[in-house]
Each structure stands twice: as C-alpha cells, then as structure tokens.
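Working notes, beginning with the structure itself.
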Amino acid sequence: MDFLRSKEMFKRNVKCGEISENEIGKTVIVNGWIHRKRDLGGLLFIDLRDRSGIVQVVVDPKNISKEKSEEIQGLKNESVVGIEGKVKNRLEPNLNLPTGKFEILLQAFEIFSKSEDLPFNQFSSQEVDETVRLKYRYLDLRRPEIRKVFELRSRIIQAIRTFFINRDFIEIETPILTKSTPEGARDFIVPSRLNKGKFYALPQSPQLFKQILMIGGFEKYFQIARCFRDEDLRQDRQPEFTQLDVEMSFIEQGDILKLMEEMYKDLFKEILGVEIEIPFQRVSYVDAKKKFGSDKPDTRFGMEIKDLTDYFKETGIQIIRDGMKNGKVVLALFLPGGAALSRREVDDLKEQMTDFGLNGFIDFKIKKGEIISSFSKYLTEKEKSGILGTGQPDNLALIFVVNSKNGFDQVGRVRILLAEKYNLVKKDKFNFIWVVDFPFFAYNEKEGRYEAEHHPFTMPKPEDLEKLETDKEHVKALAYDLVLNGNELGGGSIRIHNPELQKRVFKAIGLSDVEVEQKFGFLVQALSFGAPPHGGIAFGLDRLVWIMNGGTGSLRDVIAFPKTTSGICPLTEAPNEVSKKQLNDVGIKTENG
RNA sequence: GGGGUCGUAGUGUAGUGGUUCAACACGCUGGCCUGUCACGCCGGAGACCAUGGGUUCAAAUCCCAUCGAUCCCGCCA
C-alpha cells in the first residue's frame, strides 16, 4: 500500500462482470472489492466485485510467493484490490454467475485499501436495523439492488429534463438562502453573519421565485429543485426533498394538465415500458371526498362509498335512527366477496374500527338477492332496496353511522384498509387521477381563521370572486392535484397576476397591510409592473421514484442519504452543536450559554 | 404535541406468564483442508439483556420515566 505511488497503479482494463470468451488466454487487470473468499488451505478463491458484476479469481500458491499468498489471503471482505491474471475456462462452471464459465488465475495484485471487520453483512438476507445501515450507508450502497434504485432515479430525472428542454422550457436555479414567509410549513432558518440577528429561510418550494421568473418574461420554466420543510417526518416525508417545479405564462389550467399528462405518458413508457392512457381521469374535490373519503383517491379498486342516508330516513333500527337525529349520515361500503367472511372475521374487523375513530358498523351479507343479518328483520323494503340496489351478490355491506363532517374521511380510510386486507388492489396498475376544484379556503380551528387551502397566490375561480369576503366556504380555486394510486404526486394552480386581487386575497386570510408589505411586498410590487397570466405545478420527485420503484419500503430507500424519523442523519450525525465562535459570528446565544 | 410497536454479543433472532437463562445462526478468531462458489470440519473469544429508577428474598423478564428506532394521528399552504 504505497500511497505515494512510484509506479503506475494496477488500473483495470476490463470490468469484473464483463469477463467473457474474448478474454480467454489473455492477461487482464480487474479492480474491485473482495466480495467473498473461499479458502481451501492450499487454494484460495476470491469473488471480486465491481459495479458491473462479480468474477472469480483463483490464487494458486504455485503462481506467487508465500508472502504474497498470505498477504492476499489475510485480506478481509470488502477490501479493495487490483488483480492481474490470466483468464481461463472453469473446470466446473457456476451457472448462477454471468461470468461463471470463466475465472482469473492470479499472477500479481495490488492492495488499494484494506477493510476492517464489517459492522454488518450488507449482502445477507437478514434485515438489519435501518439506523445501523444508514450509519454505514456506503456499505449498503454497494448492493446492486440499492444501486439500481439510484440508476432508476437518475434515468427518471434525465427523461424529465429532456422532455422539458425539448418543449422550449428553460431550467433555472432559484435561491436556497431565501426569506421566511408566513403560511404553510415551518421554515428551516439560517442565521446571517453579515446581518446579525437576521435569518434566511430555506425554501419550502421555489413558488415565489418561479412566479417572478414569469414576470421576468421567461414564459416556460422548470427546475429539479431541493425543498425544505421543518415538519414531522413520515414514511413518505423527508425534511428535504426534491421537487419537479414547473411554471408557464399565457396558459390556462387545461394546458398544464395536458402537458403533465404527456410528460407522465412519455416517462412511464420510456422508463417502465408501460402505456399510460391520457387524458387522465378527473374528479372534483367534493366528489373525491364523497366517493373515496379522500382528496387523494386510490382508484385501482372500486368499492366507492355509498350514501344511503335517504333510504334510512324512517328506519326501525335504533342506532341508525338515534344517529340520524344527531345529524349523522349513513354511509356504506360493499366488500366484494365479503359475504363469505365468518362471524369471527367480521367481529375482528369491527374491533379495528376504533383505530379510525369509529364505533363499528352494521353488517349485512348479500347472498342470492337476500340480505342476511341479525338486523334484517327490521329492514323496510325501501332500506332493502337501497342495500340490494347498490351492492352486488356475495358482498358484505358495511353500514356506518357517522358525522357528516369527517365521516367520509373515516370511511375512506376503512376503504383502504379493506382493500389492502383483502387484496383488492391491482398492484401492477398505475391509476392517475386529477383532483380539481379545490376549495380556496380551509378553516384552521386552532387559529380560528381561514387559510389558503393551496397557497395564497392561487387564483380563485372567476365566478367565485365576489364570495371572497362574504362566503369563504364556497370559494373554489383554480388548483389541481395529481394523484397516482392513492399517493399525492403533486399539485399546482393558476396564480393571481393582478396586484389588487392578490392584496384582497391576503386580506381574506387575515394578513394585515403591514404584514403583506413586510412579507410579500416584493411580490405585490412585481405584479404591478406587468405580470403575465401564469400558472404551474410541482411534483414530489422522491415519491415518484418511490412509486416507479415498486412503492415498497419507505421514501428513505430512494434517497441516497436520508434522515431518520427524528430528522437525524446517522452517517454524519447532523444536526449537531456548533462552536461558540460560530455562534458568536452570527450573534446567537443558546439557552445553556 | 398524542398514540401503537420495538430495543438481548458486531449482525439477525430465541428466552420473557418471577428464582439454574443468558441460547442459536451469521460474523470474528485458532487449527485442518488444492476445485470451492452462502466451501467444509474441529476448537475459542465475545452481551452486566437501551439508560435510569422502582416493586421483590429474587428482574433480561413486572411497573414508571428517559433515550433511540419505526408506524399512525395532529402537522406537512
């Protein structure tokens, strides 16, 4: 291991996985990691691995000195070496290996670096604690399955870039050090040394910059942008994530939806070889909530929520009657094949309902046009027709008596549970669906005020403008989300390009003139110097890669260096303390001095 | 912020309903082995059972707290 090399390194002239007939009889040099050794005493086999694959090297003591032989024999797995030797056919091929017909007879070698004992075996099928894996992320990254994820990710990004560049879009970078804004997620903040006591914020998205780029006349912008949100993490949420960000001028909502449909069609065709049908299905926000109990409906299976309230207006079943007196509604799910479930299975299901904030449900089995249930004798003809008219034979009808406000969401979650539990989801399907006509405002109970459901730069639907001050509940937005298999891929909106309207909206969400001036003065001003009509969309790229990779595991699997649920990077141990001097420089004192 | 699950050698697991319980596999290590390919065979070392407190004659095991991991709710315009 001469670090100050006096000679040329043993640089490879062929890759491990590419050893073939062509090299037979030739002397080659391969570089790589010692994947595994099989020491038979007199004879040593080494599986040498590089990115291309694995090849077997044979160390025969006849060919090298005793010291050299012992030196290579003593190397631990994952040490990195260069090996020179002659390629020959194997006596007994190993058909499990692409290079299994060949082997390299070692003549000379160079040790590039020795490995210590490994903290875990990254090639074992054993599941190792994820924190340990992340601490030694580089070991895991050497696994071909893991590497493939990042090859996929790279190809996806490449395809996206090509798509937009071919359509005359300009990729522009926007600042990472920017300004903290109210509304939306919590910002990560960065202290400023040159401006003591002041802070930058990391962008939650390039939202304002891309609008300003439109005002700047770029007309078509996109960016693969890093975004930051200081909120609690989830399986599908990281504090920093990558977004495909798009904005266009002189367009309407339909133009953006169409463009994105084309992009996804191309992308899925090129990367996965899957034909996606366009245009995508569309559903209004209200209908999505009513049919699927979610604003990100998974449409890979049916089982839509049915509202049977009208059928049960005069019911003799007391729990339903009592519930309806309190303004509750009667919702039903029809589980295909559920009539075959045992009493026990149905009861277990009922018990699980508490997880969703539900007391349970009333169940009716539908068999050969008959309703079978302990309640069936109380059913009126009208109620029977409601159940039979909606459900199919062999279904289990689950009747929920729930609040009209959040009941649909609760039942929507039960719908997902049932689909997973009884394998109703067609796993190989890619169901894209646009959710449109979002409400403009959302009431924040905690703060007792209305906020923008999407964001405050969104254009209200023109016909709802007059309700902006008087009837906030019913103002709809020119906003849209794209949902794939029940995952929100992303969303966007047509933006406000009129400074007066923008001020009105700020006011409607309770921002004072002073706050508007302080926080968004630059935007209002920009809008007043000639802003084109514009709009755009943004997609979570990590989530897209995750889905295209099969949608298993967590988002952490498609990020090279992800953080744990508590926002920690086990590899670098970020976040961490900084020195007193660093704090002094930026004028910060911590609580413990 | 709230709730669920989990935490035992380097790694993965067993043990857990109170007192011979700290075991097994992989890895590591000493020895043997010239055709293996998850090489094999014989031997060895390695864990105060996440941390702190409590209950008890007795705690890996029961209770509480803390920390960490993970999943969910809130939150994420």
Side-chain angles (χ1 to χ4, degrees), chain A residues 35-48 54-63 69 74 76-78 88 90-97 99-100 103 105 116-136 139 181-187 204-205 207-208 227-239 241 352 354-357 406 409-410 413 416-417 438-442 444-447 450-458 477 479 481 488 491-493 505 509 511 538 540 553-554 556 563-568 570:
Chain A
H35 184 70
R36 211 169 260 136
K37 291 182 303 180
R38 289 173 295 281
D39 186 353
L40 273 59
L43 200 60
L44 173 66
F45 296 95
I46 294 173
D47 290 341
L48 196 71
I54 289 175
V55 69
Q56 173 165 286
V57 174
V58 190
V59 184
D60 191 323
K62 284 200 294 271
N63 295 333
S69 171
K76 295 184 195 293
N77 287 349
E78 298 301 305
K88 64 185 203 59
R90 283 210 210 176
L91 301 174
E92 287 173 70
N94 178 358
L95 300 175
N96 298 321
L97 216 57
T99 63
E103 63 188 4
L105 201 54
E116 300 290 332
D117 286 336
L118 298 160
F120 65 96
N121 179 1
Q122 74 267 40
F123 298 105
S124 151
S125 55
Q126 284 180 346
E127 273 196 35
V128 176
D129 180 73
E130 206 182 343
T131 320
V132 177
R133 297 200 108 108
L134 291 180
K135 179 169 180 183
Y136 304 97
L139 294 180
T181 54
E183 300 290 302
R186 206 173 279 117
D187 288 317
Q204 296 173 27
S205 85
Q207 182 59 38
L208 290 170
C227 306
F228 307 85
R229 290 176 192 176
D230 191 5
E231 295 291 346
D232 287 4
L233 279 64
R234 282 292 155 74
Q235 182 183 36
D236 60 351
R237 237 191 269 162
Q238 282 275 306
F241 57 97
Q352 267 186 286
T354 51
D355 296 346
F356 302 92
N406 59 2
D409 285 11
Q410 290 172 323
R413 288 170 58 205
I416 300 289
L417 169 85
F438 274 80
F440 191 89
F441 295 103
N444 184 326
E445 305 249 350
K446 249 189 228 158
E447 296 180 23
Y450 282 93
E451 315 176 308
E453 165 83 23
H454 187 60
H455 58 53
F457 321 111
T458 300
D481 272 4
E488 185 193 328
S493 63
V505 167
I509 57 168
L511 287 179
S554 82
R556 295 185 291 275
K563 296 187 174 55
T564 66
T565 321
S566 58
I568 287 165

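In what follows, chains are A, B, ... by sequence order, proteins preceding strands, each numbered from 1. Here the structure is a predicted model, which means the values were calculated and not measured.
For A:Glu103 against B:G35, a side-chain-to-base donor-acceptor contact under 3.5 Å is present. In the interface, the side chain of A:Arg90 is paired with the base of B:C37 through a donor and an acceptor atom under 3.5 Å apart. Judged by atom type and distance alone, A:Glu92 does not reach the base of B:U36 through any side-chain donor-acceptor pair under 3.5 Å. For A:Asp232 against B:G74, a side-chain N or O and a base N or O form a donor-acceptor pair under 3.5 Å. For A:Arg237 against B:C75, a side-chain-to-base donor-acceptor contact under 3.5 Å is present.
Distance noted for atom P between B:G17 and B:U36: 48 Å (whole Å). Comparing the same atom, C1', in B:U34 and in B:U29 gives a spacing of 24 Å after rounding to whole Å.
When distances run from any side-chain atom of A:Lys76 to the nucleotides B:G12, B:G35, B:C28, the shortest one goes to B:C28.
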Practice task
Check step by step if salt bridge (Lys or Arg N to Asp or Glu O under 4.0 Å) holds for A:Glu103 and A:Lys88.
Solution key: CA-CA 6 Å; A:Glu103 63 188 4; A:Lys88 64 185 203 59; 2.8 Å; yes
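Under the 3.5 Å distance criterion, with hydrogens and angles disregarded, a donor-acceptor pair is assigned to the side chains of A:Gln56 and A:Arg38. For the residue pair A:Gln204 and A:Asp187, a side-chain donor N or O sits within less than 3.5 Å of a side-chain acceptor on the partner.
For B:U11, the base is not stacked against the aromatic ring of A:Phe120, per a cut-off of 5.5 Å between centres and 30° between planes.
Using a 4.0 Å cut-off between charged side-chain N and carboxylate O, A:Lys37 and A:Asp39 make no salt bridge.
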